[in-house]
Amino acid sequence: MTRNRIIAVVILLAAAFGLQAQWKYIPKNFVMPQHPRILLFAGEEKQIKNNIASDPLWAKLHQAIMDEADTILTLPEQPRTMTGKRLGTAYEFARRIFYCSYAFRMSRDDKYLRKAEKEMLNAATYSDWNPSHFLDVAEATLCMSIGYDWLYDRLSPASRETIVKAILYKGISPTFNSNDAWFLTSKINWNQVCNAGITYGAYAIYDEMPDFAKMLIERSINSIKLPMGEYAPDGAYPEGYSYWSYGTSLNIFYLSALEKIFKTDFGLSEIPGFLKTASYQQQMLGPNNLCFNFSDCGLGGSLSPAMFWFASKLKDPSLLWNEKSHLERGAFSNDRVFPAVMIWGKDISFSDITAPKVNTWVGHGGTPVALMRTSWTNPKAIYLAFKGGTASSSHSHIDVGSFVMDANGERWASDFGSQDYNSLETKGVDLWNMGQNSQRWEVFRYNNFVHNTLTINNELHRVKGFADIQSASSSAYFMNAVSDLSMIFEGQLAKSVRGVAIINGQYVAVRDEIKTLDTETTVRWTMLTTADAKITGSNAIELRKNGKKLKLEVAEPAKVTMKTWPTTPTHDYDSPNPGSVLVGFEVVIPAASEANLIVKLIPQGAKTSTIPPLSQWPSDKK
């Protein structure tokens with residue numbers, strides 16, 4: 001089939017689909033702005049340059065991007081290369097195009113223009129952008145569209161034609177294959193990323209195919225509502241910190257361009273919970289730049305361009321407290337979306353950024369979390385983060401009831417986070433099956449045995465069980481959160497309620513109140529740590545790290561078996577886990593009886609007190 005016939009088929013399919021749906025977002029008299037129309041109109045570089053001239057941090061940020069663009073100039077174009085089932089080169093050529101396009105618009109130096117053009121023309125030669133893993137298509141289409149739009153006036157007619165055809169055939173066309181474009185009806189980050197990329201493609205080709213482009217934009221508005229609804233009610237992102245950085249950032253790319261072009265986002269940003277999610281991301285980062293890395297997430301915090309959009313939108317510079325810290329430490333990223341910081345932050349002065357006023361944050365929803373700290377300005381502050389949720393949602397581990405804890409500048413209670421997907425997929429692991437008996441839960445890092453939670457009779461949690469945060473308090477003397485985990489232990493326990501707290505700003509307490517079924521029950525309490533661990537008594541383990549100490553003390557029950565467990569992988573596909581150990585205890589609870597498990601995590605020099613029953617813990621709702 002010729003290319004002309006391919007495009008004819010695509011248009012007919014799209015037209016039929018659009019007529020059936022009766023979408024009515026775009027006004028009939030709408031006139032699309034001229035190029036450049038995506039994110040940054042002509043002449044808007046001036047405000048960015050003013051920031052660079054007046055603020056050393058903005059100048060450092062800009063220079064970091066320009067330096068990286070200069071490095072990109074020296075790199076040869078990449079052949080199409082697969083990494084497992086992913087197009088390994090898609091992310092990189094997208095990054096190169098965005099950086100060099102930004103560098104050209106800021107400097108007008110043709111060397112950046114020519115490099116971006118070469119990268120786009122090279123990507124256009126690829127046989128496809130890997131529609132079977134549509135994130136690759138989205139990444140490619142988004143940055144190809146930015147490059148085409150930003151450099152439009154300086155590209156040759158031949159280059160324009162080649163790039164437009166690539167965007168259309170390799171980017172947009174596969175969205176009419178339901179096997180590849182399942183993202184359109186999903187509620188996870190794929191929807192956000194893919195709709196952003198394809199809609200940028202629609203903006204790029206609008207002049208050539210306006211009706212077709214309108215249909216794509218209309219379709220995306222309906223579709224992206226699905227994952228945006230997942231932020232309700234409080235802004236907690238179900239897939240965790242790293243996927244917030246991915247999904248939400250691309251959602252902001254989508255909203256930013258939509259609002260700039262149409263002067264409205266058609267109410268999308270007002271979807272309940274969405275604008276609240278900036279506080280979630282901010283509070284998910286501990287005082288030592290380590291995030292609450294539950295599920296398939298990395299450990300280190302990083303600057304998020306999307307936070308600049310939220311700070312500007314909400315007129316709240318304090319949302320950039322962490323971002324300012326990253327920049328002051330020189331923690332610049334080479335992430336492919338990094339230049340967007342300069343656009344979304346162009347109306348913000350770093351001198352206006354102050355510390356957040358709230359030390360606790362609770363979010364309900366698909367993955368409820370409670371996040372608390374004793375200070376935003378003291379790097380030795382205690383930080384405690386706690387989660388509920390379910391193991392059956394996207395990217396989840398069996399980690400309901402788990403927590404992380406920082407104190408005195410160290411992370412004492414840790415989480416492994418993710419393992420490289422390709423390392424598992426290439427070994428044939430059934431990684432994306434979230435069922436109770438899935439091979440996913442045999443991956444060492446993914447099951448409850450290595451998380452900071454309870455294990456009953458050496459069994460997996462019930463992966464379809466769900467736990468919410470049922471109460472919480474922001475009291476400076478007793479910050480806490482409580483979650484009923486009973487559904488997680490269905491068939492294993494009659495009741496299980498866990499509370500975590502920072503007491504008097506000095507130490508952390510974890511209290512579990514459980515009731516056994518009609519059989520004797522073995523309960524295992526575990527905590528992962530990267531500290532050196534030594535059992536020092538019948539109820540205590542001493543942790544040492546970088547010359548500092550923390551005591552894990554079991555206040556109740558009186559008789560337990562203190563233990564440490566190695567983190568040696570159990571399969572050839574598991575990642576090694578050097579420098580880590582599991583600490584905790586086991587206890588046998590009689591049949592049909594109630595028991596309290598009380599653990600104190602005591603930094604060196606802290607004073608402790610008696611921990612009351614969970615029913616007596618303060619709650620902001622009372």
Side-chain angles (χ1 to χ4, degrees), residues 14 17-33 37-41 138 142 145 175 181 183-203 206 210-239 243-244 246-281 304-316 319 340 343-344 347 363-366:
F17 194 40
L19 287 172
Q20 292 172 9
Q22 297 292 309
W23 291 309
K24 299 179 180 179
Y25 293 106
I26 301 174
K28 292 182 179 179
N29 61 349
F30 173 74
V31 177
M32 177 64 71
R37 61 176 65 125
I38 298 175
L39 296 177
L40 192 68
F41 289 169
L142 184 133
S145 299
T175 67
F183 68 84
L184 289 166
T185 56
S186 79
K187 296 181 179 181
I188 64 173
N189 68 84
W190 281 63
N191 185 309
Q192 298 166 295
V193 174
C194 296
N195 269 312
I198 298 308
T199 306
Y200 274 44
Y203 299 145
Y206 192 96
D211 290 338
F212 182 48
K214 284 180 183 178
M215 186 283 304
L216 294 169
I217 298 163
E218 294 266 1
R219 181 183 69 174
S220 72
I221 295 171
N222 278 332
S223 177
I224 206 167
K225 290 177 180 179
L226 298 174
M228 292 184 71
E230 295 296 290
Y231 293 85
D234 305 305
Y237 191 71
E239 297 177 278
Y243 279 94
W244 187 101
Y246 191 38
T248 308
S249 291
L250 271 294
N251 208 134
I252 297 307
F253 266 90
Y254 178 90
L255 292 176
S256 180
L258 186 76
E259 187 170 32
K260 195 163 193 69
I261 289 172
F262 294 100
K263 304 189 185 309
T264 177
D265 65 10
F266 304 101
L268 290 174
S269 63
E270 300 303 318
I271 290 175
F274 186 76
L275 291 179
K276 295 180 180 179
T277 197
S279 294
Y280 164 84
Q281 185 73 347
S304 172
M307 292 297 286
F308 288 81
W309 182 91
F310 281 107
S312 179
K313 180 81 170 179
L314 297 171
K315 296 179 172 54
D316 183 3
L319 289 170
I343 299 169
W344 295 331
D347 298 320
H364 300 275

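Note that this is a predicted model, so its numbers are computed, not measured. Values below: all heavy atoms of this structure, side chains included; hydrogens, waters and symmetry mates excluded.
Ring centers of Phe253 and Trp309: at least 6.0 Å apart, outside the cut-off.
Closest heavy-atom contact between Ser249 and Ala306: OG-CB, 3.8 Å. In terms of heavy-atom proximity, His364 sits nearest to Asp234 at N-OD2, 2.8 Å. Ser145 and Ile38 make their closest contact through O-CD1, 3.8 Å (heavy atoms, listed as atom of the first residue, atom of the second, distance). Taking each heavy atom of Leu184 and Ser223 in turn, the nearest pair found is O-OG, 2.6 Å. Smallest separation of non-hydrogen atoms from Leu275 and Glu270: CD1-OE2, 4.0 Å.
A donor and an acceptor atom, one from each side chain of Thr248 and Tyr237, are nowhere located under 3.5 Å apart.
Between Met32 and Pro210 there is no side-chain heavy-atom pair separated by less than 4.5 Å. Side-chain contact between Ile221 and Tyr254 is present, with at least one heavy-atom pair separated by less than 4.5 Å. In this structure, Phe266 and Leu258 have side chains that are in contact, with non-hydrogen atoms separated by less than 4.5 Å. Two residues are said to be in side-chain contact when any heavy atoms from C-beta on lie closer than 4.5 Å; Ile252 and Phe310 meet this criterion. Between Pro227 and Ser186, every side-chain heavy-atom pair lies at or beyond the 4.5 Å cut-off. A 4.5 Å side-chain heavy-atom check between Thr175 and Arg219 finds at least one atom pair inside the cut-off. Side chains of Leu142 and Thr199 form no contact here, defined as non-hydrogen atoms less than 4.5 Å apart. At least one side-chain heavy atom of Leu39 sits less than 4.5 Å from a side-chain heavy atom of Trp344.
Within the 3.5 Å criterion, the main-chain N or O of Met307 finds no donor-acceptor partner in the side chain of Gln281. A donor-acceptor pair under 3.5 Å links the side-chain atoms of Glu218 to the main chain of Ile26, judged by distance alone. In terms of modelled atom types and a separation under 3.5 Å, the side chain of Asn191 and the main chain of Phe183 share a donor-acceptor contact.
Annotation: cation-pi pair Lys260/Phe41 present, NZ/CZ under 6.0 Å from the ring centroid and within 45° of its normal.
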Discussion item. Between Ile261 and Ile217, is the side chain to side chain contact (heavy atoms under 4.5 Å, CB included) condition met? List the steps.
Written reply: CA-CA 11 Å; Ile261 289 172; Ile217 298 163; over 6 Å; no

Item to complete: Could you walk me through whether Tyr206 and Arg37 pass the side chain to side chain contact (heavy atoms under 4.5 Å, CB included) test, one step at a time?
Response: CA-CA 11 Å; Tyr206 192 96; Arg37 61 176 65 125; 3.9 Å; yes

